Amino acid sequence: MGEPVAKIAAIIGGGVIGGGWAARFLLNGWDVRVFDPDPEAEAKLAPVLAQARRALPSLTDVALPDEGALSFYSDLSEAVAGADWIQESVPERLEIKHRTFAAVQAVCPEDAIIGSSTSGFRPSELQEGTKRPGQIMVCHPFNPVYLMPLVEVVPSPATDATLIQRAKATLSSLGMYPLHVRKEIDAHIADRFLEAVWREALWLVKDGVATTEEIDEAIRMGFGIRWAQMGLFDTYRTAGGEAGMRHFMAQFGPALKWPWTKLMDVPEFTDELVDLIAGQSDAQSGHMNISEMLAARDDNLVAMMRALKANDWGAGAVLNAHEVSLRAGSVLGASADDLEDVSVPILTVRRAVPLDWTDYNGHMNEARYLQAFGDATDRFMALIGCDAEYIAMGGSYFTAETHIRHVDEVHAGTVIEVHTQVLTGAGKKLHLFHEMYDGDRLLATGEHFLLHVSLETRRPSEPAPGIVAALERIAAAHARLDVPQGAGRAVGQRP
Ligand SMILES: NC(=O)c1ccc[n+]([C@@H]2O[C@H](COP(=O)([O-])OP(=O)(O)OC[C@H]3O[C@@H](n4cnc5c(N)ncnc54)[C@H](O)[C@@H]3O)[C@@H](O)[C@H]2O)c1
């Protein structure tokens with residue numbers, strides 16, 4: 001059997017959004033073909049790709065697949081021929097979108113998905129006059145597309161139901177969250193809120209009630225954080241106390257009739273208003289250039305989503321689901337019985353070093369070495385059957401001793417692998433030696449000695465027979481390997 005063939009995404013329009021899509025597909029192992037008539041298209045995509053390569057691998061605790069191949073086309077037909085997914089991200093003008101669909105459908109496979117990034121048009125408007133309307137649906141992403149999970153998938157009644165399901169599965173496989181918008185409507189769901197908030201903010205600035213900075217603080221110090229984890233309705237539900245949503249509505253519902261908002265009106269965009277807002281915005285953030293702001297944005301998004309990941313909540317739960325699919329089918333998701341060959345140290349970690357794992361020197365923090373080796377030990381325990389289910393039944397391994405050696409430098413973004421050798425695996429004793437690599441470069445070693453314990457008595461105890469058998473098999477195979485250099489070394493001893 002040969003290598004699996006990478007799927008092909010054709011990105012039509014490589015601006016802010018198309019560039020983000022290109023990065024999202026590419027970093028998840030797809031081959032990406034970009035068509036954009038702008039002669040600067042390749043140069044425009046380069047910084048977006050650099051930002052994505054810096055931030056996206058940080059999100060998960062398992063490495064992404066190897067990047068696919070990226071190519072640029074001056075002929076749209078060549079870009080879409082044979083593509084599995086065509087993502088249209090041309091300017092928001094209906095006639096350009098219609099022209100694009102006609103050119104795409106003249107050559108693309110009949111069962112390819114054609115997703116449109118449109119922020120405002122309904123799918124039935126996009127489908128008007130097209131050759132195969134069933135192929136077209138809105139797949140509306142959020143900037144930066146390589147980090148934000150949400151994609152509004154908006155079909156019309158004419159869209160093929162099988163393609164909708166396939167589109168949702170594909171987006172999930174890219175680590176995204178497809179929100180199926182069941183009823184088409186101008187601007188879909190999310191942008192309708194943003195539009196309302198934007199209108200209200202413009203009034204507040206125009207009327208001199210608040211500056212751009214004060215409005216941003218009102219969001220980021222308060223409801224912005226709340227919304228990121230619970231959204232609108234769950235936030236209000238918790239605000240209603242034990243009595244929940246009904247109580248909340250009884251208390252605050254009447255307030256909607258008070259003259260709080262001007263939501264239906266839009267202030268006129270006079271030169272005066274534009275100058276006022278642009279001036280306040282310069283005063284607020286003019287000390288940073290845009291690439292500094294983008295880097296800060298990405299660092300913050302990664303940190304927030306990783307915090308939610310630890311709680312398996314919201315956008316973090318999407319990352320965990322993505323991680324499960326990244327492990328599936330690889331040795332990182334296997335059980336000991338699945339492993340045919342245990343004669344060499346076993347791969348227990350393969351991940352990128354995330355942005356928040358490095359210190360002021362740009363090196364991986366000492367505590368993170370322990371985390372990586374601790375993850376390797378956890379993975380090894382799961383491999384031999386000491387998984388969450390077993391632990392819930394009352395047995396586990398406790399770490400009694402750890403020794404880490406730092407051999408070479410490690411930086412953010414490096415894809416590290418940990419290979420684990422069993423030095424002792426008998427009865428209650430488990431002695432592991434981990435080696436951390438970047439390719440062939442040895443970065444660090446970590447040695448752990450663990451004892452199996454009963455979680456009831458908190459005393460050492462014999463593991464279950466299944467664990468003993470799985471461990472003995474690996475320990476017997478590893479006994480034929482050389483004892484690794486550095487094993488059993490005391491602190492301060494050098495080779
Ligand atoms: N910017 C956002 O925040 C955002 C968010 C979600 C969705 N969208 C939607 O994404 C789409 C693209 O928006 P954007 O912000 O990336 O715009 P953009 O101006 O950054 O990019 C548009 C790109 O399309 C290219 N282009 C122009 N005509 C083309 C053609 N005929 N064929 C192929 N490429 C062509 C341009 O050269 C440009 O690179 C719009 O429909 C917009 O509503 C934008």
Side-chain angles (χ1 to χ4, degrees), residues 9-25 32-49 51-52 70-81 83 85-108 113-130 136-154 167 171 174 176-179 181 184-195 197-198 290-291 293-294 297-298 301:
I11 304 297
I12 311 301
V16 174
I17 294 303
W21 274 114
R24 173 69 85 164
F25 277 107
V32 171
R33 302 172 182 170
V34 178
F35 169 76
D36 188 316
D38 184 347
E40 294 299 310
E42 198 167 340
K44 277 195 312 196
L45 193 71
V48 180
L49 211 48
Q51 289 151 17
L70 174 65
S71 44
F72 292 85
Y73 287 75
S74 52
D75 180 343
L76 180 143
S77 312
E78 287 177 19
V80 298
W85 186 295
I86 296 123
Q87 186 67 30
E88 170 276 304
S89 307
V90 304
E92 187 73 348
R93 296 213 339 248
L94 197 52
E95 78 279 8
I96 305 186
K97 303 231 182 238
H98 280 155
R99 253 190 285 129
T100 301
F101 293 135
V104 166
Q105 290 197 318
V107 276
C108 80
I113 290 159
I114 304 179
S116 169
S117 299
T118 180
S119 306
F121 295 119
R122 282 176 280 120
S124 53
E125 289 176 284
L126 300 176
Q127 290 166 336
E128 270 164 25
T130 61
I136 298 172
M137 67 192 89
V138 170
C139 290
H140 176 236
F142 291 78
N143 192 28
V145 183
Y146 54 82
L147 286 183
M148 301 300 283
L150 182 62
V151 185
E152 291 175 313
V153 176
V154 199
L171 293 166
L174 300 174
M176 302 181 97
Y177 181 80
L179 178 67
V181 179
E184 59 174 327
I185 182 173
D186 292 339
H188 330 309
I189 297 176
D191 277 358
R192 297 183 72 93
F193 294 128
L194 295 183
E195 191 84 1
V197 172
W198 175 229
I290 293 297
S291 55
M293 287 183 80
L294 293 181
R297 175 200 68 185
D298 286 2
L301 288 173

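Start at 1 and go down the list; that is how both ligands and their atoms are numbered. If you're wondering where the values come from, they're calculated on a predicted model, not measured in any experiment.
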Under 3.5 Å, N or O to N or O, is Val16 touching ligand 1 that way? yes
Classify the contact between Lys97 and ligand 1 as side chain, backbone, both or neither, using a heavy-atom distance cut-off of under 4.0 Å. side chain
Any nitrogen or oxygen of Thr100, side chain or backbone, less than 3.5 Å from one on ligand 1? no
Could you tell me whether a side-chain N or O of Gln127 sits under 3.5 Å from a main-chain N or O of Ile136, the two making a donor and an acceptor? yes
Should we say atom CD of Glu95 is surrounded by more than 12 heavy atoms from elsewhere, each under 6.0 Å from it? yes
Would you say the side-chain atoms of Glu184 pair up with the backbone N or O of Ser124, donor to acceptor, closer than 3.5 Å? yes
Backbone or side-chain N or O of Glu92 under 3.5 Å from ligand 1 N or O: yes
Can you tell me if CD on Glu92 sees more than 12 non-hydrogen neighbours from other groups inside 6.0 Å? yes
Distance flag for atom 28 (N) of ligand 1, protein heavy atom under 4.0 Å: yes
Nearest non-hydrogen protein atom, atom 11 (C) of ligand 1: Val90 O, 3.4 Å
Considering only heavy atoms of Lys44, which atoms of ligand 1 have at least one such atom less than 4.0 Å away? 37 (O), 38 (C), 39 (O)
Nearest-contact summary for atom 12 (C) of ligand 1 - protein heavy atom, Å: Ser89 O, 3.3 Å
With heavy atoms of His140 as the reference, note each atom of ligand 1 found under 4.0 Å away. 6 (C), 7 (C)
Looking only at heavy atoms, the pair that brings Leu126 and Phe121 closest together is CD2-CB, 3.9 Å
Can you check atom 37 (O) of ligand 1: any protein non-hydrogen atom closer than 4.0 Å? yes
With only distance considered, is Asn143 within less than 3.5 Å of ligand 1 through an N or O on each side? no
Say whether, by atom type as modelled, one donor and one acceptor occur between the side chain of His140 and the main chain of Gly120 under 3.5 angstrom. no
Do me a favour and list the nearest non-hydrogen protein atom to atom 35 (C) of ligand 1 with residue, atom name and distance? Pro37 CD, 3.4 Å
Quick check on contacts: which atoms of ligand 1 are under 4.0 angstrom from a heavy atom of Asp38? 37 (O)
Give me the residue, atom name and distance of the protein heavy atom closest to atom 24 (O) of ligand 1. Pro91 CD, 3.5 Å
Ignoring hydrogens and angles, tell me if any N or O in the side chain of Arg24 forms a donor-acceptor pair with the backbone of Met148 under 3.5 Å. yes
Minimum heavy-atom distance Ser89-Trp21, with the two atoms named: OG-CD1, 3.7 Å
Is there a side-chain contact between Ser116 and Glu88 in this structure, where contact means two heavy atoms from C-beta onward sitting under 4.5 Å apart? yes
Closest protein heavy atom (residue, atom, distance) for atom 31 (N) of ligand 1: Ile96 CG2, 3.9 Å
Would you say His98's side chain and Glu125's backbone share a donor-acceptor pair under 3.5 angstrom? yes
Report the C-alpha separation of Ile86 and Phe35 in whole Å, then their side-chain angles, then the decisive distance to 0.1 Å, and conclude whether the side-chain contact (heavy atoms from CB on, under 4.5 Å) test is met. CA-CA 11 Å; Ile86 296 123; Phe35 169 76; over 6 Å; no
Atom 21 (O) of ligand 1 - nearest protein heavy atom and its distance: Gly15 CA, 3.3 Å
Protein heavy-atom partner closest to atom 9 (C) of ligand 1 - residue, atom, separation in Å: Ser117 O, 3.3 Å
State whether the shortest distance between N or O atoms of Ile17 and N or O atoms of ligand 1 falls below 3.5 angstrom. yes
When you measure from the side chain of Arg192 to the backbone N and O of Asp186, does any donor-acceptor pair fall under 3.5 Å? yes
shortest atom 42 (C) of ligand 1-to-protein heavy-atom contact is with Ser119 OG, 3.6 Å
